[in-house]
Number of protein chains: 2
Amino acid sequence: MLPPLPSGRYVLNRPEKQSSSDQSPLEPMVRKLAYWHDLDAADRAALLALPHTVKSLEQHQYIVRERDRAAYSCVLLSGFAMRHKIVGGGYRQICAIHMRGEMVDLQNSLLGTADHSVQMLTPGQIAMIPREEVTRLAFERPAVGKAMWIDTLVDASIFREWIANVGRRDARSRIAHVLCEFALRLKLAGLGEQTGYQLPMTQEQLGDVTGLTSVHVNRTLKSLEADGLIERVSPRSITIGDWKKLADAGDFDSNYLHLREDEPALA
Amino acid sequence: MLPPLPSGRYVLNRPEKQSSSDQSPLEPMVRKLAYWHDLDAADRAALLALPHTVKSLEQHQYIVRERDRAAYSCVLLSGFAMRHKIVGGGYRQICAIHMRGEMVDLQNSLLGTADHSVQMLTPGQIAMIPREEVTRLAFERPAVGKAMWIDTLVDASIFREWIANVGRRDARSRIAHVLCEFALRLKLAGLGEQTGYQLPMTQEQLGDVTGLTSVHVNRTLKSLEADGLIERVSPRSITIGDWKKLADAGDFDSNYLHLREDEPALA
DNA sequence: CGGGAGGTTGACAATCGTCAATCAGAGTGG
DNA sequence: CCACTCTGATTGACGATTGTCAACCTCCCG
C-alpha cells in the first residue's frame with residue numbers, strides 16, 4: 001500500500017484516455033528526457049502512460065522534506081521549486097532550482113530517506129508517480145532508463161559547478177554566473193529568453209543560492225546594473241544587455257549544462 | 001575503434017581466468033556496489049567478468065581532463081583521486097575526493113564531454129573498462145544497474161552537502177565537516193578508523209576542498225587542535241579525540257552519506 | 001649538503017556580514 | 001478612495017572573517 005497522499009487539491013488523471021494526446025501533463029517531462037536521449041514512439045507512450053496524480057501546490061509548500069521516505073517521484077509541471085538544506089545556525093543553502101518538466105526527486109525515490117528538502121518557490125503543479133513505476137520503466141525500456149540516468153548526471157554536473165561557484169568565485173562572479181545559467185535553462189524550458197527573463201526568486205533566495213546575504217546580493221546586482229551588464233525595470237526582471245560581458249564577469253562556460261551542440265545558446 | 005590508451009604502465013588482465021577468485025582487481029568495486037544494492041552471484045560474476053585494463057598512475061597524473069571524450073569508465077583500485085574545476089583567475093575547486101573501489105567517471109561515460117578533471121592525489125592504480133560494456137551490463141542486469149544508479153545518486157548527495165559546506169558554514173565548521181566525512185568514508189573503505197587516519201592531501205588541497213586558502217586552513221586546523229577536537233602528531237595524521245565535539249563543530253550529520261542502518265559509524 | 005615541497009606564523013588589507021533604518025509595491029478592509 | 005500592513009528591496013555605518021604577502025621553518029630526498 002502506498003502511504004496516504006499529502007493534503008492539497010487533486011485532479012485525477014486517466015492516462016489511458018489521453019496518452020496519445022500531447023495535452024498530457026507529463027508532456028514536458030517527455031520533452032526533457034527526449035532532449036537527453038532519443039526516445040521512440042513506444043518509449044514516449046510508455047512514459048505518458050505512467051499512472052500519476054496531478055496536484056496543485058502553493059508557494060512555499062514542501063514537495064519533500066528532509067528525512068522523508070518518498071513513495072512518489074514528482075515531476076514539476078508548472079512553477080518553480082528549489083532544493084535546500086538547513087545548516088547549523090539556521091542558515092539555508094539552496095542547492096538547485098527546478099523548472100517545468102524536471103523530475104524533482106529521482107534521487108529521493110531510489111535512495112531511502114531524503115537528505116534535503118524540496119520546496120515550491122512559486123505556486124505550481126506537480127505530477128506524482130509511484131516510485132516503483134518509474135524504476136520499472138527505467139529498466140524495461142533502456143532508452144528511457146538512459147535518459148533518466150543522463151538527467152541525474154546533468155543535475156550532478158550542475159551541483160559541481162555550484163560547488164565551484166560558491167567555493168571559489170567572488171560575489172560579483174557568483175551572481176553573474178547564476179544569472180547566465182538561469183538565462184539558458186529558462187530558454188531551454190521555453191520560459192524566457194537568453195536576453196531577459198523574470199527571476200522566480202527574491203534577493204534573499206538568490207543569496208541562499210550563492211552563499212551571500214540578501215544585502216550583499218542587492219549591492220552586487222546594483223553594481224552589475226551600474227556597469228551596464230544587466231538592466232532591471234522591476235526588481236525581479238533581468239535584462240541581459242551584453243551577454244559576453246556578463247558571461248565573462250561570471251566566468252560562465254555552458255559546457256557543464258551539457259546542452260546539445262545544435263543549441264544556439266552557447267555564444 | 002576505441003581511441004588509443006593514454007601513456008603509462010599497463011598490466012593486462014584476463015578476467016575469464018580469475019573471475020571466480022576474490023583476487024580480481026575489480027573486487028573493491030563489487031563490494032562497493034553490493035553495499036548499495038543486493039547483488040546475487042551472477043551479478044557479481046558479470047561485474048568481475050567486465051573486460052578491463054589495469055594501469056598504474058603517478059601522483060598528479062590525470063585520469064580525465066575537462067573536455068575529454070572518455071571512452072573508458074575507470075574504477076579506482078588503490079590510491080586517492082580528486083575531481084576538480086579550474087575557475088577564472090586560476091583558482092581551483094575540488095568537488096570530490098575518491099578512494100578505493102569508487103567508479104570515477106560513470107558521469108563522464110554517459111555524458112559526452114567531461115565537464116571537469118579527475119586527477120590522482122597520490123600514486124595508485126585504476127581499472128579501465130570500455131564505457132559501452134558498463135552501460136550494457138547496467139541494463140542487462142537490473143540489480144547492477146540499480147546499484148550503479150544509487151552510487152551516482154549518493155555522489156550527488158555528497159555534492160549537495162559540499163555546496164552547503166562551502167556556501168553556508170564558516171571556516172572552522174567546513175574543516176571539521178570534511179574531517180568527519182573522511183573519517184567515515186575511509187573507515188567504510190577499510191582505509192582508516194573513525195578515530196583517526198592519514199589525510200591523503202596537503203593543506204592547500206584541503207583549502208581547495210573547502211574554498212579557503214592554505215594559510216587559513218592551517219590556522220583553522222591549529223585552532224581545532226588547540227581546542228582538543230583533533231590531534232596531529234605529523235601534519236597529515238588526524239586523530240579525532242572527541243567525535244561528538246568535532247561533529248558538532250562541523251554541523252555533521254551522516255545522513256547524506258546514505259550509510260546502511262547497520263553501520264555503527266553514525267554515533 | 002643543497003634543493004624543494006609543504007607547513008607555520010605575523011602584519012595588514014579587503015570582501016562580505018551585521019544591524020538598522022527607510023522605501024516601494026501589492027493586497028485588504030473600511 | 002484611502003489608511004494599513006506585510007513582504008521584499010535599498011541604503012549606510014560599522015565590524016569581522018578571511019585573504020594577501022612575505023618570511024621562515026621543517027622534513028625528505030638525491
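Letters go in sequence order (proteins before strands), and every chain restarts at 1. Both backbone and side-chain heavy atoms feed into the values below; hydrogens, waters and symmetry mates do not.
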* To do: Find which nucleotide of DNA chain C each of A/Arg219 and B/Glu204 is nearest to by heavy atoms, and output the residue with the more 5' nucleotide.
  => B/Glu204
* OP1 or OP2 of C/dT8 sitting under 4.0 Å from any side-chain N/O of B/Lys222? -> no
* Round to the nearest Å and state the distance from A/Met201 atom CE to D/dA9 atom C1'. => 16 Å
* Asked: Do other residues, nucleotides or ligands put more than 12 heavy atoms under 6.0 Å from B/Glu204 CD?
  -> no
* Asked: With a 4.0 Å cut-off on heavy atoms, is B/Arg232 in touch with a base, just the backbone sugar-phosphate, or nothing at all?
  -> sugar-phosphate
* Starting at atom CD of A/Gln203, determine the distance to atom C1' of D/dT11, rounded to an integer number of angstrom. => 12 Å
* Please report, rounded to the nearest Å, how far the C1' atom of C/dG6 is from the CG atom of B/Leu206. => 13 Å
* Asked: Do A/Ser56 and A/Gln125 have side-chain N/O donor and acceptor atoms under 3.5 Å apart?
  -> yes
* Asked: Which part of the nucleic acid, if any, lies within contact of B/Gly211, taking any heavy atom under 4.0 Å across all strands shown: a base, the sugar-phosphate backbone alone, or nothing?
  -> sugar-phosphate
* Could you tell me whether A/His116 and A/Phe159 have their ring centroids closer than 6.0 angstrom? => no
* Asked: B/Arg92 CZ to D/dG19 C1': how many Å, rounded?
  -> 17 Å
* Asked: Hey, are A/Thr152 and A/Asp155 close enough side-chain-wise for a donor-acceptor pair under 3.5 Å?
  -> no
* Can you check whether A/Arg168 has a side-chain N or O nearer than 4.0 Å to OP1 or OP2 of D/dT18? -> no
* Among D/dT18, C/dC16, D/dA22, find the nucleotide with the atom closest to the side chain of B/Val215. => D/dA22
* Report yes if at least one side-chain N or O of B/Arg236 is closer than 4.0 Å to OP1 or OP2 of C/dG7; otherwise report no. => yes
* Asked: Rounding to a whole Å, what distance do you find between B/Glu225:CD and C/dT8:P?
  -> 8 Å
* Does a side-chain N or O from A/Asn218 land closer than 4.0 Å to OP1 or OP2 of D/dA9, or not? -> no
* Would you check if the side chain of B/Gln59 reaches a backbone N or O of B/Leu121 as a donor-acceptor pair within less than 3.5 Å? => yes
* To do: Return the value, rounded to whole Å, for the distance between atom OH of A/Tyr91 and atom P of D/dT17.
  => 11 Å
* Asked: Taking CD from A/Gln205 and C1' from D/dA9, how many angstroms apart are they, rounded to a whole number?
  -> 13 Å
* Structure fact -> Rounded to whole Å, the CG-P distance (B/Leu224 to C/dT8) equals 13 Å
